[in-house]
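Below, all heavy atoms of this structure are taken into account, side chains as well, without hydrogens, waters or symmetry copies. Both counts, for ligands and for their atoms, begin at 1 and track the order of listing. For the single chain, residues carry numbers from 1 onward in sequence order.
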Amino acid sequence: MTTTCGYCGVGCRLETHVRDGRIASITPAMDGPANEGHTCLKGRFAHQFSRNRERLTTPLIRDARGADPRPATWDEAIERIVAELTRIRSAHGPDAIAGLASSRATNEDCYAMARLMRAAIGTNNIDNCSRVCHSPTSFALRKALGLSGATGSFSDFDHADATILIGANPTEGHPVVGARIKQATLRGMKLVTIDPRRIELADYGVLHLAPRPGSNAAVMLGIAHVLERDGFVNQAFVDERTEGFEALHALLPSYTPEAVSEIAGVPAEGIEEAARIYGEAADACISWGLGVTEHKYGSEVAQLICDVALMTGKIGRPGSALLPLRGQNNVQGSSDMGALPDTYTAYRSVEDEEVARSFEAAWGVPLSRRKGYTIPQMFDAAVAGDLKAMYIFGEDVAQTDPDTAHVVHALESLDFLVCQDIFETETTRYADVILPASSFLEKEGTFTNAERRVQLVAPAIEPPGEARTDFEIIKVVSRALGHELPWATPSDAMDEIAALTPDWAGISYERLGRRGLQWPVAPDGTDAPILYAESFELPGGRAHFAALPYKAPGDAADDEFPLILVTGRRLQHYNAGTMTRRTGNVELMDADVLEIHPDDAARLWISDGDRISVRSRVGRIELPAQVTERIEPGHVFTTFHFPATRTNLLVGASADVNTSCPEYKVVAVDVRPIGEQPAKVPALA
Ligand code: SF4
């Protein structure tokens with residue numbers, strides 16, 4: 001059976017091989033458009049979780065807070081959910097209830113969940129975990145260019161003469177794209193890597209810049225300064241296809257390479273060289289990841305990235321593209337599907353009367369015009385007593401979201417919590433009802449990868465025990481709440497999505513076939529590997545420049561917290577690790593570690609492997625140290641793949657100013673050895 005990988009946003013096509021009802025092996029599909037016969041160790045080998053004995057196989061109900069959950073029938077679980085949600089809606093109104101869809105789930109699951117919250121409950125309190133990763137990318141692309149998606153395809157790396165890769169580590173986070181970038185450098189593409197850590201791809205590039213965490217805006221402004229100063233502006237493109245360049249032109253004189261060097265701690269010559277490499281390239285890409293977005297001004301940096309492409313006209317043709325590396329397998333699709341508090345499918349506002357009426361006509365119920373809560377607002381509202389119930393599927397917010405103590409307080413403050421997942425998680429500890437769901441290997445539907453490609457997902461095995469697919473569960477809950485979701489299969493749901501969403505008008509399961517389609521898809525099935533070849537999706541067809549000055553991040557090192565912690569991911573594991581920790585990948589990496597530079601380690605009396613204490617302004621954790629030159633002095637790095645570490649206890653409330661995406665990438669910390677302490681830890685040089 002051919003399906004689509006359920007780990008990262010590359011969207012590799014995989015062949016599943018089954019024996020005795022279990023996955024025997026997985027191999028890459030040779031005709032997968034995003035992977036072309038390649039795969040990584042997650043997609044290929046990390047499938048044993050699907051039959052792990054810790055899988056949830058029956059509904060669980062907790063009869064009292066603090067009690068252990070007990071097995072229950074589906075009927076009992078659904079009755080409890082309906083009774084509690086109905087009671088809370090009657091007493092406090094529909095906006096006292098919120099739901100989370102999952103960027104791990106299919107487009108059809110997310111659409112169904114959004115419809116359940118909007119039509120069956122009556123609220124726009126629906127969000128998904130793209131909130132805490134790439135919502136700044138979505139915001140920036142929509143504001144600058146019009147559509148919330150990459151402007152091209154991964155194949156653009158094959159045609160580019162140069163690529164700037166900023167705030168991303170594809171060889172670990174998006175391994176098949178990482179390999180594709182390596183291949184491109186071997187055929188001559190000039191690669192500039194910009195990241196506080198010396199990522200593996202830096203060894204394949206011609207230039208690596210390691211800016212201080214939180215200074216990306218200054219770096220992009222410095223590159224833009226040099227591009228303009230040295231005559232790389234494509235004036236015809238700027239005049240004919242954009243607006244707002246004058247304001248950027250007025251801003252750039254302040255961002256000389258020397259000034260940027262002061263802010264970002266990178267050599268002025270490095271800024272000059274990065275700009276020259278990008279400017280001289282006939283075609284060039286810019287690619288980025290969470291190292292851009294998970295900042296207080298992440299959405300502004302993403303807009304400045306758009307500025308650099310627009311001022312040089314490097315957009316809308318093969319080899320010239322903006323390629324954000326979306327994290328989870330369906331980060332793109334979960335938001336495309338309107339699992340967001342302010343938009344229906346394809347990012348159309350809940351306040352847009354015409355759009356709202358089209359959904360009311362299709363769904364047969366009146367719909368709220370009031371924007372709902374974002375994820376952080378949900379937690380604040382729960383603590384304040386305004387939000388009484390949540391329905392969370394496929395998310396482990398108590399492990400992955402920032403300010404863990406606040407998240408836990410919020411979950412404990414709810415009157416009622418439903419979790420729908422494949423394993424018990426840190427979040428299900430607080431659930432009143434836990435519903436056993438299905439992994440991507442057991443369900444039908446579609447995922448949308450980081451190049452806007454909608455691809456089919458096909459079940460290879462049955463869900464274990466009494467577990468059901470998310471799609472079936474949401475349908476059952478919605479029906480029990482009085483709103484029938486009128487689809488026999490996910491394909492029927494896709495037909496409804498296509499009928500209500502102009503950019504998806506030509507999508508059907510028949511047309512998706514083995515290669516998928518890249519939205520927007522015209523009614524005749526023509527898709528769009530490249531966007532903006534002729535005009536942008538904004539009024540007048542013109543793109544918008546943003547003139548946004550550098551601003552300091554939300555946290556900064558000081559005497560008490562002298563090091564800056566950056567969090568990220570590792571090749572062997574995937575995000576919260578719920579799946580990969582239950583595979584052979586734990587033999588390759590079985591704990592989170594704190595990377596620290598040898599100079600800092602020596603100054604702090606820390607040796608490789610020592611257990612250390614890491615304290616931020618909001619929390620403290622312990623984990624082993626890994627002394628490495630991959631990280632710059634003054635910075636430390638870790639992951640949150642293992643719940644025992646509770647890394648996100650350290651991350652505070654600072655978040656992107658436009659989208660509330662948490663600032664995971666700049667956390668001031670104090671690092672100490674545990675046990676025998678030196679009489680006095682020397683100050684930073
Ligand atoms: Fe799956 Fe991503 Fe690895 Fe491809 S690169 S196999 S999509 S985890």
Side-chain angles (χ1 to χ4, degrees), residues 1-17 23 25-50 102-107 130 133-134 150 153-155 157 165 168-184 199-201 287 289-290 323-334 439-441 443 445-458 460 514-516 518 568-586 588-589 639 641:
M1 187 70 80
T2 310
T3 192
T4 304
C5 181
Y7 280 109
C8 88
V10 176
C12 294
R13 294 284 284 163
L14 305 174
E15 305 287 0
T16 49
H17 308 280
I23 300 289
S25 66
I26 291 179
T27 53
M30 301 312 288
D31 61 350
N35 55 315
E36 297 182 337
H38 299 280
T39 181
C40 79
L41 65 82
K42 282 181 280 238
R44 181 148 192 188
F45 298 114
H47 54 76
Q48 301 96 329
F49 73 88
S50 60
S102 174
S103 299
R104 319 300 315 282
T106 64
N107 287 320
S130 68
C133 64
H134 266 286
S153 309
F154 296 140
S155 59
F157 290 122
L165 178 70
N169 186 6
T171 46
E172 305 221 23
H174 301 79
V176 166
V177 162
R180 192 162 197 158
I181 292 173
K182 281 182 195 170
Q183 290 291 334
I199 59 171
E200 188 197 352
L201 278 174
S287 192
L290 304 183
L323 299 169
L325 295 172
R326 315 302 293 268
Q328 297 188 324
N329 55 311
N330 204 29
V331 161
Q332 178 74 55
S334 54
S439 75
F440 76 96
L441 294 163
K443 59 167 69 172
T446 56
F447 295 150
T448 307
N449 79 350
E451 46 178 16
R452 298 172 281 104
R453 190 183 300 276
V454 184
Q455 303 188 106
L456 288 170
V457 177
R514 288 186 66 83
R515 295 186 59 82
Q518 288 171 275
R569 317 287 190 273
R570 281 280 172 70
L571 170 66
Q572 297 84 350
H573 288 285
Y574 185 75
N575 219 41
T578 310
M579 287 149 58
T580 49
R581 280 185 284 106
R582 293 176 170 99
T583 70
N585 287 19
V586 284
L588 303 171
M589 177 184 171
T639 49
H641 297 313

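The closest side-chain heavy-atom distance from Phe157 to Leu323 is below 4.5 Å. Between Thr106 and Phe447, the closest side-chain pair of non-hydrogen atoms falls below 4.5 Å. Residues Leu325 and Val177 form a side-chain contact, since some pair of their non-hydrogen atoms from C-beta on lies under 4.5 Å apart.
Distance check for Cys12 against atom 4 (Fe) of ligand 1: an N/O/S atom falls below 2.8 Å.
Set against the non-hydrogen atoms of Thr39, the atoms of ligand 1 under 4.0 Å away are 6 (S). Close approach to Val176 involves these atoms of ligand 1, each under 4.0 Å from a residue heavy atom: 4 (Fe), 5 (S). Residue Cys40 approaches ligand 1 through these ligand atoms, each under 4.0 Å from one of its heavy atoms: 3 (Fe), 5 (S), 6 (S), 8 (S). Counting the atoms of ligand 1 from 1 in the order shown, those under 4.0 Å from a heavy atom of Cys5 are 1 (Fe), 6 (S), 7 (S), 8 (S). Each of the atoms 8 (S) of ligand 1 lies under 4.0 Å from some heavy atom of Tyr7. Within the listing of ligand 1, atoms 5 (S) sit less than 4.0 angstrom from a heavy atom of Pro175. Every atom of ligand 1 is numbered from 1 in the order shown, and the set under 4.0 Å from a heavy atom of Gly11 is 7 (S).
Contact between Arg44 and Pro28 at its shortest, heavy atoms only, is NH1-CD, 4.1 Å.
The aromatic rings of Tyr7 and Phe49 lie perpendicular to each other, with more than 60° between the two planes, well past the 30° mark.
Within the 4.0 Å heavy-atom criterion, both parts of Cys8, backbone and side chain, lie near ligand 1.
Ligand 1 does not have Asn35 within reach: every non-hydrogen atom of the residue lies 4.0 Å or more from it.
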task: Tell me, with the steps shown, if Asn330 and Ser103 meet side-chain hydrogen bond (donor to acceptor under 3.5 Å, both in side chains).
output: CA-CA 5 Å; Asn330 204 29; Ser103 299; over 6 Å; no

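A salt bridge links Glu15 with Arg514: at least one charged nitrogen is closer than 4.0 Å to a carboxylate oxygen.
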